[in-house]
Amino acid sequence: MRWKNKLEIKPKKLIFLDFNSKFETVSCFFACMDSNNAVALLDPELSLEARKYLEDIYKPEYVIRSNNTGNLELSIRAYRSDHSKLPVS
């Protein structure tokens with residue numbers, strides 16, 4: 001999957017990324033950083049309750065999670081928050 005093409009969005013958005021050491025996840029992380037978006041790395045084992053809590057507070061526009069087969073899936077949230085002041089690094 002070509003993450004860079006999917007993540008070239010303006011203005012800067014917040015992305016929640018389930019992070020593990022698989023190649024696709026690391027590649028996606030670098031594409032997120034290269035696209036100048038703010039990325040929050042989440043533990044894939046984080047409970048649904050904790051995820052909902054974080055989404056309610058930070059309102060990420062994109063959430064990238066591992067599906068049942070271990071592949072990453074991009075879901076777009078309806079939030080339209082201004083994340084332009086979030087640091088990238």
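Sequence positions, counted from 1, serve as the residue numbers for this chain. In what follows, every heavy atom counts, from backbone to side chain, and hydrogens, waters and symmetry copies are set aside.
- By the 4.5 Å heavy-atom criterion applied to side chains, L17 and C28 are counted as neighbours.
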Handout entry: Chi angles and distances behind the side-chain contact (heavy atoms from CB on, under 4.5 Å) call for V39, L41
Key = CA-CA 6 Å; V39 183; L41 302 178; 3.9 Å; yes
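- Within the model, atoms CG of L46 and CG of L54 stand 6.0 Å from one another, a figure rounded to the nearest 0.5 Å.
- The side chain to side chain contact (heavy atoms under 4.5 Å, CB included) test applied to L48 returns R51, R65, not counting sequence neighbours.
- S75 contributes atom OG, which lies 11.0 Å from atom CD of E61 (distance to the nearest 0.5 angstrom).
- For F16, there are no ring-ring contact (aromatic ring centres under 6.0 Å, His included) partners two or more places apart in sequence or in a different chain.
- Residues passing the side chain to side chain donor-acceptor pair (under 3.5 Å) test with S47: none are found, sequence neighbours excluded.
- Screening residues 36-50 for salt bridge (Lys or Arg N to Asp or Glu O under 4.0 Å), with sequence neighbours left out, gives no hits.
- Distance alone, capped at 3.5 Å, places no donor-acceptor pair between the N37 side chain and the L14 backbone.
- The one candidate from D18, N20, I64 that meets the side chain to side chain contact (heavy atoms under 4.5 Å, CB included) condition with T25 is N20.
- Listed by first then second residue, pairs satisfying ring pair (Phe, Tyr, Trp, His ring centres under 6.0 Å) with a partner in residues 19-39 read F19-F29, not counting sequence neighbours.
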